[in-house]
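Here the structure is laid out as structure tokens; the discussion comes afterwards.
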Amino acid sequence: MSPAREGTHRAARRGRSVLTPLAVVLACATLLWMVVSGNRAEPTSFSPAPTASSAADPPAVPPESTEPTLPSTDAPTDVARGADRQPAVGPTSAGAASALAAALPEISGNLSVAILDPAGGEPVGYNTDRSYVTASIVKVDILAAFLLRTQQEHRALTTTERATAAAMIEHSDNDAADTLWSAIGGAAGLRTANTALGLTETEPTGLSWGLTRTTATDQVRLLDAITATDSPLDAGSRAYLADLMTSVADDQTWGVATAADPDTTPALKNGWLPRDATGLWVINSIGHITHAGRPLLIAILSDDQPSMPTGITQLEAAARAAVPAVATAAN
């Protein structure tokens, strides 16, 4: 403490009620210096406003939620080529289509079927102009988009990425799907990848990956893209997807798998979803199967099903009726 202030305190203790002249001068000088320098104390409840630079900064965005550039127009040749690729899904054989329509059992709700012989046969469809919510079959599309991304980055999947992909396809794990959905950039990333894969009737939404809408025809296009040699997916990516789809958990090997030869292992993915608004179910199944020694790509989509068991029963009945009818008519 300064001598002047010691004197002031001594004067106060002696009961004097005025400051000494020197103390007055010092107090006035101190106050003047504080005003000029701007170092006045703020009330303790005051929160300083952000600086101009910090106020203009956007909020932090996790890296996995950024939009990817895959596949861009300057992507590697094997990816860019897929942008104009249209797998052979065109007019159907009239005879096979009639056989398919006649073979399908009566069902409740709505159902669509598309079947394609990847060796070059004509595609056959029933009610293929109707679109459906994908539910978990979109997980195949998400992984295809992620593999396209890693191809563009010229790298292999990490151990963690492989574990995530396996959980998503083999066990239909939704948390794993959330992770890879974010990694591809969500709806925008899937839409971009689908352009490369040749899908024209699949529309993702930012609300949820499971609410992506698609058609049976487009799902056959997707299956073609993960099996054909002219696909933007390279041989390693196609083999990896096929391996996961042939390793689906036993309790999920229903649907189109029931139409496969018993001594073969189909590559498939199923999806199921109750709709909150109606209480009715979406039941979907897609896969690459072998029937009577003949490889086939098949997608069966349905909605407005009264329950999951009923929907599965109807879908499997449609698969068992449709596949042999189409195979016989095409021969």
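Computed from heavy atoms alone, side chains included, the values below leave out hydrogens, waters and symmetry copies. The chain is numbered in sequence order, starting from 1.
The shortest side-chain heavy-atom distance between T164 and L180 falls under the 4.5 Å cut-off. Contact check for L197 versus N194: side-chain heavy atoms found under the 4.5 Å cut-off. By the 4.5 Å heavy-atom criterion applied to side chains, W281 and S302 are not counted as neighbours. Residues N127 and L111 are not in side-chain contact: their nearest non-hydrogen atoms beyond the backbone lie 4.5 Å or more apart. At a threshold of 4.5 Å between non-hydrogen side-chain atoms, the residues I298 and I286 do not count as touching. In this structure, R294 and L296 have side chains that are in contact, with non-hydrogen atoms separated by less than 4.5 Å. Between T202 and T215, every side-chain heavy-atom pair lies at or beyond the 4.5 Å cut-off. Contact annotation: the side chain of W272 never approaches that of S285 to less than 4.5 Å [non-hydrogen atoms, C-beta and beyond].
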Inset, instruction - Take L147 and L143 through the test side chain to side chain contact (heavy atoms under 4.5 Å, CB included) and record every step on the way to the result. - result: CA-CA 6 Å; L147 292 172; L143 182 53; 4.1 Å; yes
Inset, instruction - Decide yes or no on side chain to side chain contact (heavy atoms under 4.5 Å, CB included) for I283 and M308, but give the supporting numbers first. - result: CA-CA 7 Å; I283 305 292; M308 183 176 177; 3.9 Å; yes
Inset, instruction - Walk me through it: do T195 and T192 pass the test side-chain hydrogen bond (donor to acceptor under 3.5 Å, both in side chains)? - result: CA-CA 5 Å; T195 298; T192 301; over 6 Å; no
Legend entry - Working for salt bridge (Lys or Arg N to Asp or Glu O under 4.0 Å), residues D224 and R221: CA-CA 5 Å; D224 185 67; R221 289 191 178 103; over 6 Å; no
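Criterion: ILVMFWY side-chain heavy atoms under 4.5 Å apart, direct or through other members. Under it, Y240 and V138 are part of a common hydrophobic cluster. No continuous path of hydrophobic side-chain contacts links V133 to M168 [ILVMFWY only; heavy atoms under 4.5 Å]. Hydrophobic clustering, with ILVMFWY side chains joined whenever heavy atoms are under 4.5 angstrom apart, keeps V140 apart from L211. Residue Y126 is grouped with residue L315 when hydrophobic side chains (ILVMFWY) are merged at heavy-atom distances under 4.5 angstrom, including chains of intermediate members. Hydrophobic clustering keeps I312 apart from L273 (ILVMFWY residues linked when any side-chain heavy atoms are closer than 4.5 Å, directly or through intermediates).
Within 6.0 Å of atom CG in D276, 12 or fewer heavy atoms from other residues, nucleotides or ligands are found, so the atom counts as exposed in its surroundings.
With N110 as the partner, the side chain to side chain contact (heavy atoms under 4.5 Å, CB included) test is satisfied by one option alone out of L301, D303, V282: D303. The side chain to side chain contact (heavy atoms under 4.5 Å, CB included) test with I300 is passed by exactly one of N270, V256, I115: V256.
When only modelled atom types and interatomic distance are considered, T258 and E316 share no side-chain donor-acceptor pair under 3.5 Å. Side-chain polar atoms of Y132 and S112 form a donor-acceptor pair below 3.5 angstrom. In this model, no donor atom of one side chain and acceptor atom of the other lie less than 3.5 Å apart for D261 and T290. No hydrogens or angles considered: a donor-acceptor pair under 3.5 Å links the side chains of K269 and S172. Side chain to side chain, D141 and W209 fail the donor-acceptor criterion of an N or O pair below 3.5 Å.
Closest approach of T253 and A257 over heavy atoms only: O-CB, 3.7 Å. The heavy-atom pair separating A319 from P324 by the smallest distance is O-CD, 4.1 Å. Summarising the geometry of P118 relative to P295, their closest heavy-atom pair is CD-O, 3.3 Å, with the distance given to 0.1 Å. Across T212 and P204, no two heavy atoms sit closer than the pair OG1-CA, 3.5 Å. Across all non-hydrogen atoms, the minimal contact from K139 to A177 is CE-CB, 3.9 Å. Closest approach of V323 and A259 over heavy atoms only: CG2-CB, 3.7 Å.
Put simply, the side chain of T179 gets close to the backbone of D175: a donor and an acceptor are under 3.5 Å apart. The closest donor-acceptor contact from the side chain of T313 to the backbone of P309 lies under 3.5 Å.
No salt bridge links R213 with E201; every basic N to acidic carboxylate O contact stays at or beyond 4.0 Å.
How far OG1 of T214 is from CG of L199: 6.0 Å, rounded to the nearest 0.5 Å. Considering OG1 of T134 and CG of D218, their distance stands at 11.5 Å, rounded to 0.5 Å. Atom OG of residue S237 and atom CG of residue L148 lie 7.0 Å apart, to the nearest 0.5 angstrom. How far CD of Q314 is from OG of S307: 8.5 Å, rounded to the nearest 0.5 Å. Separation of atoms CG (L241) and CD1 (I169) is listed at 6.5 Å; rounding is to 0.5 Å. Taking NE2 of H288 as the start and OG1 of T264 as the end, the distance is 9.5 Å to the nearest 0.5 Å.
In the hydrophobic clustering, where aliphatic and aromatic side chains (Ile, Leu, Val, Met, Phe, Trp, Tyr) are joined below 4.5 Å either directly or transitively, L280 stands alone.
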Sequence neighbours left out, cut at 3.5 Å: what donor-acceptor pairs do the side chains of residues 244-251 make with other protein atoms?
residue	atom	partner	partner atom	Å
T246	OG1	A242	O	3.1
T246	OG1	D243	O	2.9
S247	OG	D243	O	2.8

